[in-house]
Amino acid sequence: MNGGERLAAVLAVHGVRSLFTLCGGHISPLLVAAKARGLRVVDVRDEASAVFAADATARLTGVPGVAAVTAGPGVTNAITALKNAQLAQSPLVLIGGAAPTALQGRGALQDIDQQALVAPHVKFLRRVRRVADLGPALSEAFAAARDGVPGPAFVECPVDLLYDEASIRQWYAEAGGRGKGLSDRLLRWVLERHTRRLFAGAQRPFVARAGESGVPRAPDGAVARAARALARAERPLCVVGSQALAQATNAARLADALERLGVPVYLSGMARGLLGREHPLHMRHARRDALRQSDCVLLAGVACDFRLDYGRHVRRAAKLVAANRSARDARLNRTPSIAAIGDAGEFIERLAEKLGERAQRTEWVSELRARDEEREADIDARAAREGEHVNPVALFRALDAIAADDALFVADGGDFVATASYILRPRSPLSWLDPGVFGTLGVGAGFALGAALARPSAEVWLVWGDGASGFGLAEFDSFVRHRIPVIAVVGNDASWAQIARDQERLLGDDVGTTLARTAYHEVARGFGAEGFEVKHLRELEWTLRRARDAAAAGRPVLVNVWLDKTDFREGSISM
Ligand SMILES: Cc1ncc(C[n+]2csc(CCOP(=O)(O)OP(=O)(O)O)c2C)c(N)n1
């Protein structure tokens, strides 16, 4: 087996079904071998999209997603997506090409210090130097990506490790020339020794093995103490975040445990949709007020970062239980009363078992529910406001009504997606994807691609700010070529509105924040997709339905919706 085939065998053993890539001479043997193994090789138009797609795959399946990029600029282009995955604690594996081992540091094409570039953004990095080490290094990368706090892993595979031994020997022999002088003979000797080292041990038959990773468990004492705290509490509250879904395949069990806990719940990130579209315990609005009132807060896979005002949203006097795989995240900005270091999902399951059946705090739940309903009524009132074009609040009410039960929403943008997050109701566990704490614009196309492949039967809606769409519009080319029926809804307000809002208010100038009412739907059509433009609310529902039909027939679609200005996000902060 050549090196590419070894890598492909390891991917297959880990259950990887798609390999996201943008080709390059350094990685060709891997792409060819992956295809031969039956993996779907999906080539995109920017390496960042390949890594975003791998990230989405990981979040939805629990199996690390995999991207392969070529040496040098292929790796540099992947960095933002890699960092996003690191901060979102998403377990992916990035395979990077590299210059031939003997030519590194000698001015070879695309030869840079990739280790220095990538190391700060991954939890595992291996520069492979021998063919025999390719398989084990990749297996280790899988295990490391999933272990403890999940995150990205990087394996650098120089091109001369990926081709078969005979070709590489011949290549190095030709590089050694035919000269008879001492230095020529010395060079040939050095290259011969180098080649021998590259292939040392590679003659033994190769068996791909899966890397093993365990689920970290919080100590029993932490479960018992948290159970006591919750049992005593009068106004308990639970906030569940992405990390609690690190074991994606356990989502249904986690949902069941939350129901049994009987504690009102706020869901964020990948946890959105965990309790379905409507659930009596699931609160969607006024989280800050609820947190301020609560006397016992369980943060499951959630850190006290800016989203909880650095921990200030939780009362000082409240019992704070932090269940987190990361000891650092559990204590970020606020020392919890109980730190349960381990998998937060598993922790909740054990907690529910320990507590058994208990009477619900009906009064507390009703108070929160009443507040939630009040906010929903306010949203309805705002949705009814008519303007010249489309009111985004009305748009999302309509989309929520039209999207299928198996819809999966991908969010990429500023105000537009923040508005969506208040209104769209993810239908089921793992049906919402957003960038996470890094707040990266540009995740959309890659996420949608990964989602569509991980859930081929689902309807994938990409909620796209017009600004954000610019990072990934070219992936409509990939959607069309690979028949990925994503439905993108672009919120066209001709502005980077989330930034413009504060910049204009604080500094009195919108410089750098304005866009045009660009015909994004025509761009999509240019790539061979369906494109629709909606300028008025009355056209919206009909168009969204047509978009659904097109996607159901296998065609990617872009709906370009002209938005009115709205004050829905007034007063929200973005720092
Ligand atoms: C890669 C990246 N660049 C810049 C930003 C800063 N930023 C945050 S929100 C935003 C505006 C987004 O505009 P758009 O996608 O059109 O959504 P809108 O706010 O207009 O609804 C910008 C530029 C960012 N978060 N990520």
Side-chain angles (χ1 to χ4, degrees), residues 46-52 55 76-88 121 269 305-307 382 387 389-396 399 409-424 433-448 461-476 488-507 509-521 523-524 533-534 558-575:
D46 180 347
E47 284 84 359
S49 300
V51 179
F52 286 134
D55 179 341
T76 58
N77 274 352
I79 294 294
T80 299
L82 212 51
K83 191 76 198 177
N84 190 69
Q86 184 192 43
L87 294 191
H121 319 298
D305 59 23
F306 71 95
R307 292 168 293 189
R382 283 163 178 271
H389 299 294
V390 177
N391 166 355
V393 181
L395 185 160
F396 289 120
L399 178 53
F409 299 112
V410 175
D412 181 16
D415 276 357
F416 189 55
V417 303
T419 303
S421 72
Y422 282 98
I423 301 172
L424 286 180
L433 282 164
D434 64 33
V437 67
F438 202 35
T440 316
L441 292 182
V443 299
F447 273 15
W461 292 89
L462 168 52
V463 176
W464 235 358
D466 51 352
S469 75
F471 291 87
L473 263 180
E475 297 306 351
F476 260 86
V489 179
V490 174
N492 192 338
D493 57 6
S495 168
W496 302 89
Q498 184 175 319
I499 304 306
R501 195 156 41 77
D502 285 347
Q503 186 173 309
E504 280 173 38
R505 185 174 56 85
L506 298 171
L507 299 162
D509 196 329
D510 65 0
V511 61
T513 66
T514 56
L515 293 166
R517 296 270 194 190
T518 301
Y520 298 105
H521 58 292
V523 180
E533 188 176 44
V534 175
L558 189 147
V559 185
N560 182 21
V561 186
W562 285 40
L563 299 183
D564 278 330
K565 276 214 179 311
T566 161
D567 60 359
F568 189 75
R569 299 277 306 141
E570 215 54 65
S572 65
I573 44 152
S574 52
M575 259 178 261

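One-based numbering, in listed order, for ligands and for the atoms of each.
With ligand atoms numbered from 1 in the order given, ligand 1 contributes 18 (P), 19 (O), 20 (O) to contacts under 4.0 Å with heavy atoms of Ala497. Set against the non-hydrogen atoms of Asp493, the atoms of ligand 1 under 4.0 Å away are 20 (O), 21 (O). If you number the atoms of ligand 1 from 1 as listed, the ones under 4.0 Å from a heavy atom of Gly413 come out as 15 (O).
Protein heavy atom nearest atom 17 (O) of ligand 1, with residue, atom name and distance: Gly414 N, 3.1 Å. In this structure, atom 15 (O) of ligand 1 lies nearest to the protein heavy atom Ala468 N, 2.9 Å. Considering only non-hydrogen protein atoms, atom 14 (P) of ligand 1 sits nearest to Gly467 N, 3.6 Å. Closest to atom 24 (C) of ligand 1 among all protein heavy atoms lies Leu441 CG, 3.6 Å.
Comparing Ile499, Leu515, Val417 by heavy-atom distance to atom 7 (N) of ligand 1, the nearest is Ile499. Checking Phe471, Phe416, Phe438, Trp464 against atom 21 (O) of ligand 1, the nearest heavy atom belongs to Phe416.
Checked by distance only, ligand 1 and Gly439 come closer than 3.5 Å through their nitrogen or oxygen atoms. Below 3.5 Å of separation, one finds an N or O of Gln498 facing an N or O of ligand 1. Ligand 1 has an N or O atom lying under 3.5 Å from an N or O atom of Asp415, backbone or side chain. Below 3.5 Å of separation, one finds no N or O of Trp496 facing any N or O of ligand 1.
When heavy-atom distances to ligand 1 are checked against a 4.0 Å cut-off, Thr80 has no atom that comes that close, whether in backbone or side chain.
Counting only distance, with no hydrogens or angles, the side chain of Asp412 and the backbone of Gly442 share a donor-acceptor pair below 3.5 Å. Side-chain atoms of Glu475 come within 3.5 Å of backbone N or O of Asp46 as a donor-acceptor pair.
Below 30°, between 30° and 60°, or above 60°: for Phe396 and Phe416 the angle between ring planes is between 30° and 60°, a tilted geometry.
Taking both residues in full, the closest heavy atoms of Val417 and Val463 are given as CG1-O, 3.4 Å, listed atom of the first, atom of the second, then distance. Asn560 and Tyr520 make their closest contact through ND2-N, 3.5 Å (heavy atoms, listed as atom of the first residue, atom of the second, distance).
For the side-chain hydrogen bond (donor to acceptor under 3.5 Å, both in side chains) condition, the pairs that include at least one residue of residues 435-446, sequence neighbours left out, are Asn84-Thr440.
The shortest heavy-atom distance from Ser495 to ligand 1 is under 4.0 Å.
Among residues two or more places apart in sequence or in another chain, the ring-ring contact (aromatic ring centres under 6.0 Å, His included) test is passed with Phe476 by Phe479.
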Verdict with reasoning, Phe306 to Val437, per side chain to side chain contact (heavy atoms under 4.5 Å, CB included): CA-CA 9 Å; Phe306 71 95; Val437 67; 3.7 Å; yes
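The environment of Lys83 atom NZ is dense: over 12 non-hydrogen atoms of other residues, nucleotides or ligands sit within 6.0 angstrom.
Neither side chain, Thr513 nor Gln503, offers a donor N or O lying under 3.5 Å from an acceptor on the other.
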